[in-house]
Amino acid sequence: MSNAPAKIGTATGERTQSSPTLRSKRKSLVASTIGNVLEWYEWSAYAVFAPFIATAMFHASDQVSALLSTLAVFAVGFLMRPLGGIVFGRVADRRGRKFVLVTTMLMMAGGSLVIGLMPTYASLGAWASLLLLLARMTQGFAHGGESATANTYIAEIAPSERRGLWGSIVFVAIFGGSAIAFSVGGVVTSVLSDDEVAQWGWRIPFILGAFLALAALYLRRSMDESEVFSAEKSGAEVRPSSKGRVARSILLVILMTSGITASHYTWTSYVSTYAITQKGMDAGVAYWCSVGAQCIALVTLPLWGRLSDRVGRRPMMITFAVLMIALQIPLTRLIGSPGWTLLVASSVALTVVAIPGALLSATMSENFPTRVRTQAIGFAYSVSVAVFGGSAPYLNQLFVELGVARLSSFYIMLLCAFTGIACYLMRETKGIHLKDA
């Protein structure tokens with residue numbers, strides 16, 4: 001092996017003579033991110049066009065179809081994503097990160113194409129409902145694997161001293177994909193009449209997403225494999241790790257993520273509904289205010305990631321917990337019928353949520369050894385998102401309907417307290433080499 005020093009811009013000792021260059025790593029970062037944006041776009045597009053899809057694919061008077069509608073919500077939201085994270089996490093730790101990222105891209109694109117071209121209930125009956133259910137289960141399974149593997153892969157290819165900055169791109173993809181989906185929804189519903197959208201317009205975003213995924217797939221095929229994973233598989237950097245320490249880290253990551261994901265889903269998925277139904281805000285205004293707030297928060301993500309590379313992960317995570325506990329009630333009270341109230345409240349809240357969002361990839365990856373990193377993240381992250389994130393909009397609405405709306409804010413604040421406690425108990429990992437995790 002050559003004794004030449006590592007190139008400028010890479011962490012010392014992180015590359016060998018045959019290792020990818022920094023330029024090659026940046027190309028891999030772009031390829032992974034474009035694919036991740038498209039996956040979040042395809043995932044979010046279903047939520048945007050859900051009312052039109054439900055009309056086309058389900059029928060309330062058909063008991064089988066109605067049952068499948070209920071099962072679809074459950075299976076996709078609370079079963080397939082965690083299962084995909086766990087299964088694909090294990091595959092990624094055995095076969096490689098690149099293999100899973102290419103596979104999940106194919107599965108998401110295939111599911112999107114099926115949704116865009118499938119027959120309606122009127123022509124196929126309850127079989128259309130079943131076909132939609134299977135397509136969404138496939139997407140949910142792939143999406144869980146994509147999330148876990150992308151968080152691991154970006155952290156592993158990043159230079160140690162810039163892992164927070166590079167890792168923030170994962171959450172950029174989350175905000176970006178969602179914003180694109182809502183924007184496409186706004187364009188389609190503005191250009192086409194309600195009847196045209198109901199008849200065929202709702203198919204446009206899914207067909208578009210499937211074809212764009214081909215370009216992302218081409219880029220992903222040329223990505224570098226993670227050096228840390230390759231070294232682990234070759235036996236060059238095998239390090240013993242305590243099962244007890246891994247279990248402790250999984251528990252801490254679940255608690256750490258609880259407040260982050262509950263806050264994220266509340267301020268991206270629920271508050272616009274709250275503004276419309278409880279404060280009388282115009283639906284179109286609420287819709288675009290939510291998009292604007294997500295775009296504002298998106299811009300701050302690299303800044304938070306870079307700052308964490310300087311001051312550490314723990315101080316910033318704890319800062320998020322303190323700010324969210326302090327601001328949750330005042331920001332919720334700010335929302336009224338004028339659109340600016342939702343824009344301001346959501347922008348501030350999501351900018352705060354962006355702090356830990358930018359750090360998740362780096363923080364989670366730095367707390368698990370390479371041989372189990374993706375499957376541990378897949379389990380901890382997906383379970384936390386399913387339990388605390390997926391249930392947040394439902395619990396928020398339930399508390400409102402019961403006349404105890406303030407409990408929804410207290411719920412978010414409690415989970416943010418868990419986040420702060422978990423981060424206090426975690427070690428600072430800024431700048432470590434992932435082989436030492």
From CA spacing to verdict: salt bridge (Lys or Arg N to Asp or Glu O under 4.0 Å), Glu146, Arg220: CA-CA 13 Å; Glu146 167 79 16; Arg220 282 192 169 185; 2.7 Å; yes
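Taking CZ from Arg163 and OG from Ser308, the interatomic distance works out to 10.5 Å, rounded to the nearest 0.5 Å. Note that CG of Leu208 and CG of Leu113 are 11.5 Å apart. Values are rounded to the nearest 0.5 Å. In this structure, the separation between CG on Leu101 and CZ on Phe88 is 10.0 Å, given to the nearest 0.5 Å. How far CD1 of Ile296 is from CZ of Phe175: 11.5 Å, rounded to the nearest 0.5 Å. Here the straight-line distance linking atom OG of Ser263 with atom CZ of Phe320 works out to 4.0 Å at 0.5 Å rounding. For the atom pair Ile154 CD1 and Leu360 CG, the distance stands at 14.0 Å (nearest 0.5 Å).
Formation of a donor-acceptor pair under 3.5 Å by the Asp309 side chain with backbone atoms of Leu165 is found in this model. No donor-acceptor pair under 3.5 Å is formed between the side chain of Lys98 and the backbone N or O of Asp224. Side-chain atoms of Glu42 never come within 3.5 Å of backbone atoms of Ser112 as a donor-acceptor pair (strictly under, hydrogens ignored). Listed for the Ser32 side chain is no donor-acceptor partner under 3.5 Å among the backbone atoms of Ser28. The backbone N or O of Leu29 lies less than 3.5 Å from a partner atom in the side chain of Thr33, making a donor-acceptor pair. Without hydrogens or angle criteria, Glu428 side chain to Arg314 main chain gives a donor-acceptor distance under 3.5 Å. Side-chain N or O atoms of Gln375 include none that pairs as donor or acceptor with a backbone N or O of Val372 at under 3.5 Å. At distances below 3.5 Å, not a single donor-acceptor pair connects side-chain atoms of Arg313 with backbone N or O atoms of Thr429. With hydrogens and angles disregarded, no donor-acceptor distance shorter than 3.5 Å links the side chain of Ser147 to the backbone of Gly144. Although no hydrogens or angles enter the test, the distance criterion places a donor-acceptor pair under 3.5 Å between the side chain of Ser346 and the main chain of Leu342.
Looking at every heavy atom in both residues, Ala181 comes nearest to Ser44 through CB-CB, 3.7 Å. Here the shortest heavy-atom pairing between Ser230 and Glu225 reads OG-CG, 3.6 Å. The heavy-atom pair separating Leu415 from Ala262 by the smallest distance is CD1-CB, 3.5 Å. In terms of heavy-atom proximity, Ala422 sits nearest to Leu255 at CB-CB, 3.8 Å. Among all heavy-atom pairs drawn from Leu38 and Ala216, the shortest one is CD1-CB, 3.6 Å.
Between the side chains of Asn367 and Ser249, not a single donor N or O lies within less than 3.5 Å of an accepting N or O. One side chain, Thr266 or Asn396, offers a donor N or O that lies under 3.5 Å from an acceptor on the other. Using modelled atom types, one finds a donor on one side chain and an acceptor on the other under 3.5 Å when comparing Ser178 with Gln294. Trp304 and Thr300 are linked by a side-chain donor-acceptor pair at a separation below 3.5 angstrom, with hydrogens and angles left out of the test. Residues Arg373 and Thr370 bring a donor and an acceptor atom of their side chains to less than 3.5 Å of each other.
By the 6.0 Å and 45° rule, Arg26 does not stack over the aromatic ring of Trp166. A cation-pi arrangement is present between Arg136 and Tyr46 under the rule of less than 6.0 angstrom and at most 45 degrees off the ring axis. Cation-pi contact between Arg203 and Phe206: absent, since separation from the ring centre below 6.0 Å together with deviation from the ring axis within 45° is not met.
Under the 4.5 Å side-chain criterion, counting only non-hydrogen atoms from C-beta, Phe141 is not in contact with Met108.
Residues His264 and Phe388 place their aromatic rings such that the two centres sit no closer than 6.0 Å. Aromatic pair Tyr153/Phe229: centroids not less than 6.0 angstrom apart.
The side chain to side chain contact (heavy atoms under 4.5 Å, CB included) test with Leu359 is passed by exactly one of Lys430, Met256, Met317: Met317. Across Thr149, Thr152, Thr374, a single residue satisfies side-chain hydrogen bond (donor to acceptor under 3.5 Å, both in side chains) together with Arg97, and that is Thr374.
The residues Asp93 and Arg90 are annotated as not salt-bridged, no charged nitrogen and carboxylate oxygen being separated by less than 4.0 angstrom.
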